[in-house]
Amino acid sequence: MNRTKINILLKAAAPDDNVLLKGWVRTRRDSKDFSFMEINDGSCLKNIQVIADSDLNNYEAVKKITTGSAVAVTGSLIESPGRGQKWEIKAQNVEIISIAPDSYPLQKKRHTDEFLRTIAHLRPRTNKYGAGFRIRSELSFAIHRFFKEKGFKYIHSPIITGSDCEGAGELFRVTTFDRGVPQSQEKQPGYTEDFFGAETYLTVSGQLAAEMFALALGDVYTFGPTFRAENSNTRRHVAEFWMVEPEMAFCDINGNMDLGEEMIKYLVACLLEECPEDIELFARFVDKKLMAVLDNIVKSDFVRIDYAEAIDILKKTKRKFEFPVKFGTDLQTEHERFLTEHYFKKPVIVINYPKTIKPFYMRLNDDDRTVAAMDVLVPGIGEIIGGSQREERFDVLQARMQATGVDPQNYWWYLDSRKYGTAPHSGFGLGFERLLMLVTGISNIRDVIPFPRTPGNIEF
RNA sequence: UCCCCAGUAGCUCAGUCGGCAGAGCGAGUGGCUGUUAACCACUAAGUCCGCGGUUCGAGUCCGUGCUGGGGAGCCA
């Protein structure tokens, strides 16, 4: 007999006198002539209650089953006479697969996130983290579904790279040398003797690769791991995270904003539809305002304003900011959050930033002082999407590279795309973990990634 | 990297003015019970984060290091 997963059992329409379930014991309570066991197999948030009668031939062993133990139960799915659940299992046989010793760290009570981080290998067995990682899985598939429905092609951009892409953040070096790159007498790095014969890093973005493929396949996206060696220590940063990066040919900044807004709404609506129980756990125990936030995202139109307008709003408000507001400086976290959380109280897309604070590949506007950049800001998180229309004009791009200290020779292949059949195109990057934080209300990014990598932390 | 806060039983925490190390939960044992993070009783469980200092005496005060959290910067 094949095992039936608990999410299927709990959705049963009728009793079934012959089922097999396998899972882990969340709690066990003894009664006079039988024992109650709550079993969870990870297929859904809910446990199923098993009644183990004292006439089971191994009842003495069953009474020693502990929290965390693995069991296989054959029996009947019957309507529960007790309150609190519709269905339960009357066991005919309880096979004890393994007993968890009393050192099992997960107790039948709430633990702090900080403690659970120290047992990251066990935390998916808790309700909250199980729900979080089921949502992570659903959200991944929803992203692929969204792009597939819109006719995008999925591109696997390289993880090992020879270019530092947009010069975003510190890079992790990749080498086969035992102790890093050897230095010769003249202090010249010996990269030529290394595996690739050149300096090599872990990627910080798949954007440049995606651009090349957008100019061939039309609409494409990447969805994969990226790496930053920044010594960032905040609840919003990790060294290894996943990014979604769509790139569209023949698309300007407006089409880019449309896609970003449509995508976020689609993904939130999907989760509300497909993971209502898991989302509800977060709405009840993690963030009381979660449902209102998600509802707001799905129903309201995102505000679209110019960077210059944003600066005006920030200057006019009575609110005091730690950092001064003036045209030409980037918006600080406090500014972004003021705009989206207090002023507009919904997602905001800010466009047309000064060129001086944005990278070379963003398209120069006609005013010659701003670029067609866009940031999507959401309540609670701040910036969740950063993107732009790309500079498709060869001469302008080359000039912008030189102006920002990027050597065009290192990007000859990127410039080639502007030489041969160049066309307007746009794209953006969305931090997958930040999106997860938004939809779950989880406030620390380390809690939405299975084994988070942060400075000084690589235990698991 | 900078600023602020914290570190006491397996977990969550209290510990007053510097004077015998505590509670709840969890665990173990026993009892009771169609129970719902059950309930009742008993038992075990401590490098008070490390190092140094002040003091007759330090969980408590001082210095320093480490770890964790929050905020900032960098960014997604």
Side-chain angles (χ1 to χ4, degrees), chain A residues 26-38 40 46-53 63-64 66-68 78-85 88 90 100-119 126-127 165-170 203-207 225-245 285 321-323 330-337 357-359 375-378 381-387 428-438 443-449 454-457 459:
Chain A
R26 281 294 175 80
T27 179
R28 194 179 56 78
R29 298 179 283 273
D30 287 327
S31 195
K32 190 174 182 185
D33 295 317
F34 49 89
S35 188
F36 294 103
M37 281 189 291
E38 299 269 351
N40 188 285
K46 287 208 175 88
N47 306 323
I48 196 163
Q49 177 165 280
V50 169
I51 313 300
D53 224 81
K63 278 174 69 172
K64 291 195 168 67
T66 52
T67 298
I78 58 170
E79 287 196 42
S80 177
R83 282 189 196 170
Q85 61 280 318
E88 66 183 25
K90 180 98 162 67
D102 59 25
S103 56
Y104 186 61
L106 293 174
Q107 304 175 2
K108 292 180 279 188
K109 64 171 213 170
R110 196 183 163 280
H111 289 291
T112 58
D113 295 320
E114 290 76 21
F115 171 66
L116 290 170
R117 249 169 251 154
T118 68
I119 49 168
T126 64
N127 286 341
C165 292
E166 50 196 271
E170 295 290 314
T203 185
V204 297
S205 165
Q207 181 196 317
T226 50
F227 307 87
R228 303 285 161 89
E230 284 293 344
N231 187 19
S232 294
N233 233 311
T234 83
R235 62 186 185 84
R236 301 190 313 283
H237 293 85
V238 273
E240 176 181 321
F241 63 99
W242 283 56
M243 258 211 298
V244 182
E245 294 178 288
F285 299 115
F321 295 113
E322 189 184 340
F323 292 89
D330 210 352
L331 298 180
Q332 301 292 320
T333 301
E334 59 174 342
H335 305 142
E336 295 179 343
R337 295 189 64 163
I357 57 172
K358 290 294 184 183
D375 282 359
V376 179
L377 315 176
V378 292
I381 307 291
E383 182 185 338
I384 193 162
I385 281 179
F428 61 78
L430 174 142
F432 183 56
E433 281 77 14
R434 295 214 178 149
L435 181 62
L436 274 166
M437 293 167 74
L438 175 68
S443 59
N444 194 310
I445 197 167
R446 298 172 182 90
D447 297 332
V448 298
I449 195 162
T454 50
N457 189 341
E459 181 72 19

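Here the structure is a predicted model, which is why all the values come from computation and not from measurement. Below, read A as the first sequence line, B as the second, and so on, with proteins coming before strands; counting in each chain starts at 1.
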Give one of base, sugar-phosphate or nothing for [X], where a contact means two heavy atoms less than 4.0 Å apart.
X        : value
A/Gly82  : base
A/Leu430 : nothing
A/Ser103 : nothing
A/Phe432 : nothing
A/Thr27  : sugar-phosphate
A/Glu240 : nothing
A/Arg26  : nothing
A/Asn231 : base

Taking the [atom1] atom of each, how far is [N] from [M], in whole Å?
N      : M      : atom1 : answer
B/rA6  : B/rC13 : P     : 13 Å
B/rG69 : B/rG28 : P     : 31 Å
B/rG63 : B/rG22 : P     : 30 Å
B/rG46 : B/rU12 : C1'   : 16 Å
B/rG68 : B/rG53 : P     : 28 Å
B/rC56 : B/rC17 : P     : 22 Å

* To do: Answer with yes or no whether the side chains of A/Asn457 and A/Arg446 bring together a donor and an acceptor at under 3.5 Å.
  =>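 Side chains of A/Arg446 and A/Asn457: no pair found under 3.5 Å.
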* Distance-only side-chain donor-acceptor flag, A/Ser35 / A/Arg28, under 3.5 Å -> yes
When both hydrogen-bonding distances must be under 3.5 Å and the geometry is Watson-Crick or G-U wobble, what is [N] paired with, if anything?
N      : answer
B/rG24 : B/rC11
B/rU16 : none
B/rA6  : B/rU67
B/rU1  : B/rA72
B/rU33 : none
B/rC61 : B/rG53

* To do: Report yes or no: is there a donor-acceptor pair, N or O only, under 3.5 Å between the side chain of A/Ser232 and the base of B/rC75?
  => no
* Structure fact -> Looking only at heavy atoms, the pair that brings A/Glu170 and A/Val204 closest together is O-CG1, 4.5 Å
pair [X]-[Y]: side-chain heavy atoms closer than 4.5 Å:
X        : Y        : value
A/Thr126 : A/Leu116 : yes
A/Arg29  : A/Thr27  : yes
A/Phe36  : A/Ser31  : yes

Pull out every protein N or O sitting under 3.5 Å from an N or O of nucleotides 5-12 of chain B, one pair per line with the distance.
| residue | atom | partner | partner atom | Å |
| --- | --- | --- | --- | --- |
| B/rG10 | N2 | A/Gln107 | OE1 | 3.0 |
| B/rG10 | N2 | A/Gln107 | NE2 | 2.9 |
| B/rG10 | N3 | A/Gln107 | NE2 | 3.0 |
| B/rC11 | O2' | A/His111 | ND1 | 3.4 |
| B/rC11 | O2 | A/Lys109 | NZ | 2.6 |
| B/rU12 | OP1 | A/Thr112 | OG1 | 2.8 |

* **ring-ring contact (aromatic ring centres under 6.0 Å, His included) partners of A/Phe115, counting only residues at least two apart** => A/His111
* Those residues that, when tested against A/His237, pass ring-ring contact (aromatic ring centres under 6.0 Å, His included) (two or more places apart) -> none
Does the side chain of [X] get closer than 4.0 angstrom to OP1 or OP2 of [N] through an N or O atom?
X        : N      : result
A/Arg236 : B/rA72 : yes
A/Arg29  : B/rU36 : no
A/Gln85  : B/rU36 : no
A/Thr333 : B/rG73 : yes

Quick one: does [X]'s side chain have a donor or acceptor within less than 3.5 Å of a partner on [Y]'s backbone?
X        : Y        : value
A/Thr203 : A/Ser205 : yes
A/Glu433 : A/Trp242 : yes
A/Glu38  : A/Asn47  : no

* Walk me through it: do A/Lys63 and A/Asp30 pass the test salt bridge (charged side-chain N to carboxylate O under 4.0 Å, His left out)? => CA-CA 7 Å; A/Lys63 278 174 69 172; A/Asp30 287 327; 5.3 Å; no
Scan nucleotides 43-45 of chain B against the protein and return all N/O pairs shorter than 3.5 Å with their distances rounded to 0.1 Å.
none

What is the separation between atom [atom1] on [X] and atom [atom2] on [N], rounded to the nearest whole Å?
X        : N      : atom1 : atom2 : result
A/Glu336 : B/rC74 : CD    : C1'   : 13 Å
A/Lys108 : B/rC39 : NZ    : C1'   : 12 Å
A/Lys64  : B/rG28 : NZ    : P     : 11 Å
A/Asn444 : B/rG70 : CG    : P     : 5 Å
A/Asp447 : B/rG68 : CG    : P     : 14 Å
A/Leu435 : B/rC75 : CG    : P     : 21 Å
A/Glu170 : B/rU1  : CD    : P     : 13 Å
A/His335 : B/rC75 : NE2   : C1'   : 17 Å

* Asked: In terms of the nearest nucleotide of RNA chain B, which residue is placed more toward the 5' end: A/Thr67 or A/Arg28?
  ->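 The residue whose closest nucleotide sits nearer the 5' end is A/Thr67.
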* A/Leu106 or A/Gly431: which one's nearest nucleotide on RNA chain B is closer to the 5' end? ->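 Final value for this comparison: A/Leu106.
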* Aromatic ring proximity A/His335/A/Phe323, centre distance under 6.0 Å ->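 For A/His335 and A/Phe323, the ring centres are not under 6.0 Å apart.
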* **RNA chain B-proximal residues of residues 46-53 of chain A, any heavy atom under 4.0 Å** => A/Gln49, A/Ile51
* Residue list, side-chain hydrogen bond (donor to acceptor under 3.5 Å, both in side chains) with A/Ser80, at least two apart or on another chain -> A/Gln85, A/Glu88
* To do: In sequence, state the C-alpha distance, the side-chain angles, and the governing distance for A/Asp375 and A/Lys358, and then conclude on salt bridge (charged side-chain N to carboxylate O under 4.0 Å, His left out).
  => CA-CA 11 Å; A/Asp375 282 359; A/Lys358 290 294 184 183; 3.7 Å; yes
